[in-house]
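Any value given below was found using the heavy atoms of this structure, including those in side chains, with hydrogens, waters and symmetry copies removed. Positions are given from 1, in the same order as the sequence printed here.
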Amino acid sequence: MDVTLEHIGFPVDADQLSGTLLAPARALPGVLFVHGWGGSQDHDLARAREAAGLGVVCLTFDLRGHEGDAQMLERVTRQQNLDDLLAAYDWFVQQPNVDENAITVVGISYGAYLAAILSSLRPVRWLALRTPALYKDEDWALPKRQLHQDPDLVPFRHRQVAWQDNRALRACADFQGDALIVEAELDQIIPHQVIDNYMSAFTRARSRTSRVIAGADHAFSEKPVQRIYTAVLVKWLTEMVVGAREHAAREKINERKRVRDGQSSAPSSHAAAAGDAMTR
């Protein structure tokens with residue numbers, strides 16, 4: 001994220017005043033939303049609208065096999081949906097109003113699982129995972145729906161999994177940005193152990209924030225808990241984006257001070273000439 005600093009002057013009466021104009025660069029932070037299994041981008045539009053009020057660019061999209069595509073839902077694989085996410089990311093960062101160095105990815109459940117993996121394949125500065133799902137690395141090419149036929153999937157999600165033993169957790173272990181994990185108190189699909197596995201994996205993250213939404217089920221079915229989640233997400237995004245802008249502004253001001261102090265400490269050309277004359 002960048003901030004521009006420009007020295008300006010403007011007239012008043014017969015004089016000229018000097019000033020400094022600080023402003024965000026034209027490219028704005030981007031927020032990429034990834035919906036969950038069986039969902040659609042409609043689940044993200046309300047939060048995207050709230051986030052856009054922070055002065056960021058938001059992108060929602062539908063993964064293949066979703067939004068009425070029932071036939072493909074039966075055969076779509078994790079790799080295909082990861083390819084969807086990569087394509088969305090690559091298109092997004094090429095937009096002229098998006099800062100490719102200030103990308104947030106917000107994922108829900110299966111989308112959070114894909115978002116975690118994405119962070120190992122593309123630059124992600126901020127990563128928000130709501131009720132992130134966890135799957136075994138095996139059978140990667142198998143249709144995603146068939147993964148739930150594995151009788152060990154539920155026991156697997158109740159086990160402690162080391163970050164070295166899972167692709168999504170390895171990506172989290174390598175992640176060096178800021179992470180948010182949101183857990184549903186009454187989640188019947190993603191047990192607390194999965195949340196622990198993700199949180200434990202973020203060993204190199206700049207910051208880790210976790211929130212539990214009281215009374216929420218996995219799908220956040222009730223409107224009140226949806227509003228609470230939106231408030232949590234927007235508050236975190238505000239802290240991240242505004243904090244980064246403030247940091248960038250401080251850096252520009254400090255740079256200006258260093259240049260100014262360097263100029264004031266260096267002898268002027270007239271003073272240097274006078275000094276040379278005195279030594280001759």
Side-chain angles (χ1 to χ4, degrees), residues 31-54 56 58-70 73 76 78 81 84-85 88 104-116 118 126-135 144-145 147-148 153-158 168 172 178-200 202 207-241:
V31 182
L32 175 59
F33 290 85
V34 197
H35 64 76
W37 177 253
S40 74
Q41 62 177 306
D42 289 343
H43 295 169
D44 296 316
L45 286 173
R47 281 172 285 279
R49 184 174 62 248
E50 293 278 346
L54 303 176
V56 300
C58 296
L59 173 65
T60 66
F61 72 103
D62 293 319
L63 295 166
R64 277 181 290 178
H66 295 74
E67 191 56 11
D69 192 354
L73 189 65
V76 70
R78 286 180 283 178
N81 282 158
D84 298 341
L85 181 50
T104 303
V105 182
V106 180
I108 297 174
S109 190
Y110 173 58
Y113 168 77
L114 295 175
L118 173 75
W126 300 296
L127 184 63
L129 309 178
R130 192 190 93 183
T131 58
L134 194 64
Y135 296 89
K144 191 270 181 191
R145 184 182 284 280
L147 299 179
H148 293 270
L153 178 60
V154 172
F156 166 75
R157 288 179 171 173
H158 283 84
C172 293
D178 300 279
L180 168 69
I181 294 188
V182 176
E183 179 180 3
E185 180 190 29
L186 306 180
D187 202 324
Q188 297 297 313
I189 296 176
I190 302 300
H192 179 71
Q193 183 61 58
V194 169
I195 305 299
D196 273 351
N197 290 337
Y198 271 99
M199 285 295 293
S200 298
F202 282 114
S207 70
R208 295 178 297 174
T209 303
S210 64
R211 293 288 184 269
V212 179
I213 306 301
D217 60 9
H218 181 73
F220 281 62
S221 305
E222 303 298 327
K223 292 291 185 182
V225 296
Q226 292 176 19
R227 288 193 290 268
I228 293 171
Y229 166 61
T230 298
V232 167
L233 177 64
V234 171
K235 182 176 184 293
W236 179 78
L237 283 172
T238 302
E239 292 174 357
M240 298 300 106
V241 172

Atom pair [atom1]/[atom2] of [X] and [Y] - distance to nearest 0.5 Å:
| X | Y | atom1 | atom2 | answer |
| --- | --- | --- | --- | --- |
| Ile190 | Leu129 | CD1 | CG | 11.5 Å |
| His35 | Asp44 | NE2 | CG | 7.5 Å |
| His218 | Arg130 | NE2 | CZ | 7.5 Å |
| Ser210 | Ile181 | OG | CD1 | 7.5 Å |
| Leu63 | Asn81 | CG | CG | 4.5 Å |
| Thr60 | Arg49 | OG1 | CZ | 11.5 Å |

Sidechain-backbone polar pair: Asp217 side chain, Leu186 backbone, donor-acceptor under 3.5 Å: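 No, Asp217 side chain to Leu186 backbone: no donor-acceptor pair under 3.5 Å.
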
Main-chain N/O of Phe220 paired to Gln226 side chain as donor or acceptor, under 3.5 Å: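 Such a contact is found between Gln226 side chain and Phe220 backbone.
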
Hey, does [Y] have a side-chain heavy atom less than 4.5 Å from the side chain of [X]?
| X | Y | value |
| --- | --- | --- |
| Leu180 | Trp126 | no |
| Tyr229 | Arg211 | no |
| Val182 | Leu233 | no |
| Val56 | Leu237 | no |
| Leu147 | Arg78 | yes |
| Gln193 | Phe156 | no |
| Cys172 | Tyr198 | yes |

For [X] and [Y], work out which heavy atoms get closest and say how close.
| X | Y | result |
| --- | --- | --- |
| Cys58 | Ala48 | SG-O, 3.5 Å |
| Val234 | Ala51 | CG2-N, 4.5 Å |
| Asp178 | Trp236 | O-CZ2, 3.7 Å |
| Arg157 | His148 | NH2-CE1, 4.3 Å |
| Ala88 | Leu32 | CB-CD1, 4.3 Å |
| Ala184 | Ala216 | CB-O, 3.4 Å |

Mutual orientation of the aromatic rings belonging to His66 and Tyr110 [parallel < 30°, tilted 30-60°, perpendicular > 60°]: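 Ring orientation, 0 to 90° scale: parallel.
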
Partners meeting ring pair (Phe, Tyr, Trp, His ring centres under 6.0 Å) with Phe33 (sequence neighbours left out):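 Phe33: no ring pair (Phe, Tyr, Trp, His ring centres under 6.0 Å) contacts found.
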
Audit row: Val194, Tyr113, side-chain contact (heavy atoms from CB on, under 4.5 Å) steps and yes/no: CA-CA 11 Å; Val194 169; Tyr113 168 77; over 6 Å; no

Exceeds 12 heavy-atom contacts within 6.0 angstrom, atom CD of Glu185: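 Count over threshold, so yes.
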
Residues that Asp84 engages under salt bridge (charged side-chain N to carboxylate O under 4.0 Å, His left out), provided they are two or more places apart: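 Per chain and number, Asp84 pairs via salt bridge (charged side-chain N to carboxylate O under 4.0 Å, His left out) with Arg64.
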
For Glu239, salt bridge (charged side-chain N to carboxylate O under 4.0 Å, His left out) partners two or more places apart: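 In terms of salt bridge (charged side-chain N to carboxylate O under 4.0 Å, His left out), with neighbours along the sequence ignored, Glu239 is linked to Lys235.
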
